[in-house]
Structures are given as C-alpha cells and as structure tokens.
Asker: 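Can you keep this structure in mind? I'll have questions shortly.
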Amino acid sequence: MCAQSLKMKEEFGIDALPILAKSDVVIIGAGPAGSSAAAAAAAGGVSVLMLDKKEQIGLPVQCAEYVPLSLAEEVPIPVACIAQRVEGFITYIQREQVAQTRAPGYILNRDVFDPYLAERAVQSGVKLLTRAQAVAVTNLGVLINNQGELSMVKAGIIIGSEGPKSVVAQAIRCPPQHLAYAKQITVKLRKRSQWAQIYFSPSIPGGYAWLFPKNDLANVGVSIDLSLGGSVATALTEFQQYLVEEGVIGEEVIRTTGGAIPIGGPRLRMQQKNLMLIGDAAGHTHPISGEGIFPAIVAGKIAGSLAAESIRSGDLNVLTRYSEDYLKRFGEFIKRGFEKKIEYNDNWEKANFSVLVRRTWFAFPEYFES
Ligand SMILES: Cc1cc2nc3c(=O)[nH]c(=O)nc-3n(C[C@H](O)[C@H](O)[C@H](O)COP(=O)(O)OP(=O)(O)OC[C@H]3O[C@@H](n4cnc5c(N)ncnc54)[C@H](O)[C@@H]3O)c2cc1C
C-alpha cells in the first residue's frame, strides 16, 4: 500500500467508511474537461462515474466565455449554448488601438454549455453525482464528502478535472501551479459589437484587461500574474471607470466573478499509474491568453478514450500515451506560449512596455519570431 493510501487510512479510518460506488473510471469535476472525458470513456464501453462538488453544473460562471469557431469540430455546440459570434479582437496598448486581429469565435452561454456537456455525458451512460466533493485520492479510489457524509468511491482509473486545486495532482505529488488571478464583471454594453477588446497596461502585469461583447451585455475583466505585482481589484475598477467614461458600458454591475488561471504551461506529470490530469488541473490553459476551454475539451477526449482502452485491455501502460498524444496536438502552440511567458516575466520592468507586449502577444508578427 502506498504512503498516500496509508495516510488516508489513518486520517479518515477508510475501512470503516461506506463504499458509495465502484466504477471503471471515476472523473472528478464536471467542467468542459471532465464531461468530455466522461463521454469519451463511456463511448469506449466502460462504466464511468463523474463527481462534482457543485449542486448545479456550470454555476457560477467564472469565464469570459470566448471559444474559437473550431471548437465545433470537437464537440457539437447547440444554438442555445451560443450567445453571439465575434470576428476577433482589437488590441490596445496603454489605451491606444494598435492592432485588429481576425479570430472568429463564439461567446458562449457557459451556464447552458457546461450543463449541456454534462448531460451529453449522462446520455452516453455516465453516472453523475453532484454535491460530491473529492477530498483525497489514492490509486484505489476517491474519498468523497457528500453533503457532510464521508464515503469511498472505488475506481480502476481516476481522472482529475477539478481545476487548479486538484486533489489528483496532490496524489501525483505535482508542485503547485503558477497562477494568474482574474476578476470580471458583467455590465450593459451601450452598442453591440462583434469585436472583443484586449487592453495591455503596465498596471496589469503579466496579464491584460478584456471586454468580450455578449449581445447587450459585456464580460469585462482583468487578469494579473501577481508574482509580478499589481492589484486585480484596482486594475478592474480603473478599467471599468475608463469604459464608462468612454461611453462603452453602463455603470450598473450585473454580476461579479473571477478565479485562478494556470499560466505555467502543462504539468510535467499529467499521468502516473492509474491517475490522470486534464484541463486546468493539468495546466492546459494557454500561458499568455489564459484560454482553456478548447484544450480542456480536447484533452478530455484523449484521456477518456485512453482510459476506456486501458480498462478494456487490462493494460495500464496504455495511459502512458496520454502526454504524448496531448503534446502532439498542442505541443508547438503551448511551447511558444510558455516561452513567451518566460520572455515576458524575464523582461518585465526592464524592456520598453510596448516592445514587450508586441513580442509576447499573438496579434503581432514579433510573437512568432524566436
Ligand atoms: C475569469 C476567467 C475568464 C476566463 N475566460 C476564458 C475564455 O474566455 N475562454 C477560455 O477558453 N477560457 C477562459 N477561462 C479559462 C476556462 O474557464 C478554463 O480553462 C476552463 O473552464 C477549464 O475547464 P476544466 O473542465 O478544466 O475546469 P472547470 O471548468 O474549472 O471545472 C472544474 C469542475 O470541477 C469541480 N470541482 C473542483 N474541485 C472539486 C472537488 N474537489 N471535487 C469535486 N468537484 C470539484 C468544479 O465544481 C467544476 O465544476 C477563463 C477563466 C477565468 C477564471
């Protein structure tokens, strides 16, 4: 028995705990990554249980809700999940417009999209257990807290898709992730638009401010790499005031949200024995843009299919293909993003700010130079 299992046994008296369920594959977290993995594993003919600590999947929304149009090639996106289409983004450096970049995409209704993905998994045979928080993980199973009741779920393979505070990552002994912190408000947009706006400023170190139009509303936010300094709350207040003064948005704040965004690139260990990590839990967000829905869904599909194949064949070695398959798909894209993030952090406060942004933001040709 491994040290983690022994620790769990001692701390929680596991032998005395009821076994709530047994499943070939257990997935922790029913976000885009988890639901995609669950659907792919169930399609591979194995039993799948997906746990989420939330009562209602997808709520509260902690996202600016932009995805590239190409996501529809990975998963069908029903019309109800789409708030509007955008054509791309306009980049501003210190409030001066410097580029307009075509990057067609959708602004999703994630409060509809995430439940839809979970329901799609359930329709493929996945059992979904909500209000079930994974507290600890070993190779044998997951200790869950279901509304105050502790119990065990036994699993052949466990996939962690529970975001940056992943209990599966802890079981694999992954170091903490490098995170940016974001705060976002939803406000009224004075004039509908098909272009997102991205603002860079020295008061937003290692991040940017955004406005993503959502019909008559807009998601307006700021994310900062706090290891470089700054204050997310102050930067957002200043940005909001500026947009109000410019007549772009109304004063009323309809919703406030936020969260942590992994910006350190994929974890070096995304799989160990029968434990796997996908989505934010694996650091799949782009280190510069923080975009994470698309890679979460693709990684989920890869991991779910391999998990099913591994269970069917009784061969855990199948899972060692996961990192390789993921990197085959995203390697170059993520590698450049990670290198640019390092370049940004190394030169922060040393280089001319405008030159630094141009070298590290993909609206500019300099981003693609080595
Ligand atoms: C403010 C903000 C704006 C963003 N904007 C964009 C954007 O415009 N476009 C984009 O592509 N990405 C964006 N992102 C990133 C994107 O939201 C994530 O990359 C994406 O949601 C990752 O999906 P996931 O399934 O890995 O994790 P999540 O969507 O975070 O899902 C994790 C799930 O796990 C559950 N969970 C957590 N811990 C436990 C536990 N212990 N036990 C059981 N369940 C648990 C949670 O309840 C949740 O349902 C943004 C992030 C933030 C914070």
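In each ligand, atom 1 is the first atom listed, and ligand 1 is the first ligand listed. The structure presented is a predicted model; accordingly, all values stated were derived computationally and were not measured.
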Asker: In terms of residue, atom name and distance, what is the protein heavy atom nearest to atom 44 (N) of ligand 1?
Answerer: K53 N, 3.1 Å
Asker: Looking only at N/O atoms, are E65 and ligand 1 under 3.5 Å apart anywhere?
Answerer: yes
Asker: Within ligand 1, which atoms have a heavy atom of S161 less than 4.0 Å away?
Answerer: 32 (C), 33 (C), 34 (O)
Asker: For atom 12 (N) of ligand 1, what's the nearest protein heavy-atom neighbour? Residue, atom name and distance, please.
Answerer: G292 N, 3.1 Å
Asker: For ligand 1, which atoms sit closer than 4.0 Å to a heavy atom of T285?
Answerer: 19 (O)
Asker: N/O to N/O below 3.5 Å, does that happen between D280 and ligand 1?
Answerer: yes
Asker: For ligand 1, which atoms have a heavy atom of A182 less than 4.0 angstrom away?
Answerer: 1 (C)
Asker: Measure the spacing between CD1 of I278 and OG of S36 and express it to the nearest 0.5 Å.
Answerer: 7.5 Å
Asker: Which of the atoms of ligand 1 are close to Y66, meaning less than 4.0 Å from one of its heavy atoms?
Answerer: 7 (C), 8 (O), 9 (N), 10 (C), 11 (O)
Asker: Is there a protein heavy atom at a distance of less than 4.0 Å from atom 30 (O) of ligand 1?
Answerer: no
Asker: Under 30°, 30 to 60°, or over 60°: which ring-plane class applies to Y367 and H286, parallel, tilted or perpendicular?
Answerer: tilted
Asker: So, are E343 and K341 salt-bridged, with charged N and O less than 4.0 Å apart?
Answerer: no
Asker: Quick one: list whatever passes ring pair (Phe, Tyr, Trp, His ring centres under 6.0 Å) with Y181, sequence neighbours left out.
Answerer: none
Asker: Can you tell me the protein heavy atom closest to atom 37 (C) of ligand 1 and the distance?
Answerer: E162 O, 3.2 Å
Asker: Mind checking whether G163 has an N or O less than 3.5 Å away from an N or O of ligand 1?
Answerer: no
Asker: In this structure, does ligand 1 have an atom that sits under 4.0 Å from one of the heavy atoms of R110?
Answerer: yes
Asker: Are there over 12 heavy-atom neighbours, none belonging to Q56, within less than 6.0 Å of that residue's CD?
Answerer: no
Asker: Quick one about E65 and N219 (side-chain donor to acceptor, distance below 3.5 Å, no hydrogens or angles considered), yes or no?
Answerer: yes
Asker: Looking at atom 25 (O) of ligand 1, what's its closest protein heavy atom, distance included?
Answerer: A33 N, 2.9 Å
Asker: Any N or O on Q133 sitting closer than 3.5 Å to an N or O of ligand 1?
Answerer: no
Asker: Backbone or side chain, does any N or O of A281 fall under 3.5 Å from an N or O of ligand 1?
Answerer: no
Asker: So, are R312 and E309 salt-bridged, with charged N and O less than 4.0 Å apart?
Answerer: no
Asker: Check this for me: does any side-chain nitrogen of one of E369 and R359 sit under 4.0 Å from a carboxylate oxygen of the other?
Answerer: yes
Asker: Side chain or backbone, does I28 bring an N or O within less than 3.5 Å of an N or O on ligand 1?
Answerer: no
Asker: Only heavy atoms of G290, strictly under 4.0 Å: list the atoms of ligand 1 that pass.
Answerer: 12 (N), 13 (C), 14 (N), 15 (C)
Asker: Considering only non-hydrogen protein atoms, determine which one is nearest to atom 51 (C) of ligand 1 and report residue, atom name and distance to 0.1 Å.
Answerer: Q62 O, 3.6 Å
Asker: Going by the atom numbers of ligand 1, which of them fall below 4.0 Å from some non-hydrogen atom of G279?
Answerer: 26 (O)
Asker: Quick check: does A134 get an N/O under 3.5 Å from an N/O on ligand 1?
Answerer: yes
Asker: How are the rings of W348 and Y344 set to each other: parallel, tilted or perpendicular (split at 30° and 60°)?
Answerer: parallel
Asker: Test V25 against every option in I159, I158, N274 by the side chain to side chain contact (heavy atoms under 4.5 Å, CB included) rule and name the one that passes.
Answerer: I159
Asker: Specify the protein heavy atom at minimum distance from atom 33 (C) of ligand 1: its residue, its atom name, and the distance to 0.1 Å.
Answerer: D52 OD2, 3.6 Å
Asker: Using a strict cut-off of 4.0 Å, indicate which atoms of ligand 1 neighbour a heavy atom of A64.
Answerer: 3 (C), 4 (C), 5 (N), 6 (C), 8 (O)
Asker: Looking at ligand 1, would S166 count as a contact under a 4.0 Å heavy-atom criterion?
Answerer: no
Asker: Do me a favour and list the nearest non-hydrogen protein atom to atom 34 (O) of ligand 1 with residue, atom name and distance?
Answerer: G29 CA, 3.2 Å
Asker: Would you say the side chains of Q123 and E119 form a donor-acceptor pair under 3.5 Å?
Answerer: yes
Asker: Scan side-chain atoms only and decide if Q184 and W210 contain a donor-acceptor pair under the 3.5 Å cut-off.
Answerer: yes
Asker: For atom 6 (C) of ligand 1, find the nearest protein heavy atom and state the residue, atom name and distance (0.1 Å precision).
Answerer: C63 SG, 3.3 Å
Asker: Please check if any side-chain donor atom of Q240 sits under 3.5 Å from a side-chain acceptor atom of Y242, or the reverse.
Answerer: no
Asker: One thing to verify: whether E246 and K191 come together as a salt bridge, which I'm taking to mean a side-chain N less than 4.0 angstrom from a carboxylate O.
Answerer: no
Asker: Only pairs at least two apart or in different chains count here, so list each salt bridge (Lys or Arg N to Asp or Glu O under 4.0 Å) that has a residue in residues 276-290.
Answerer: none
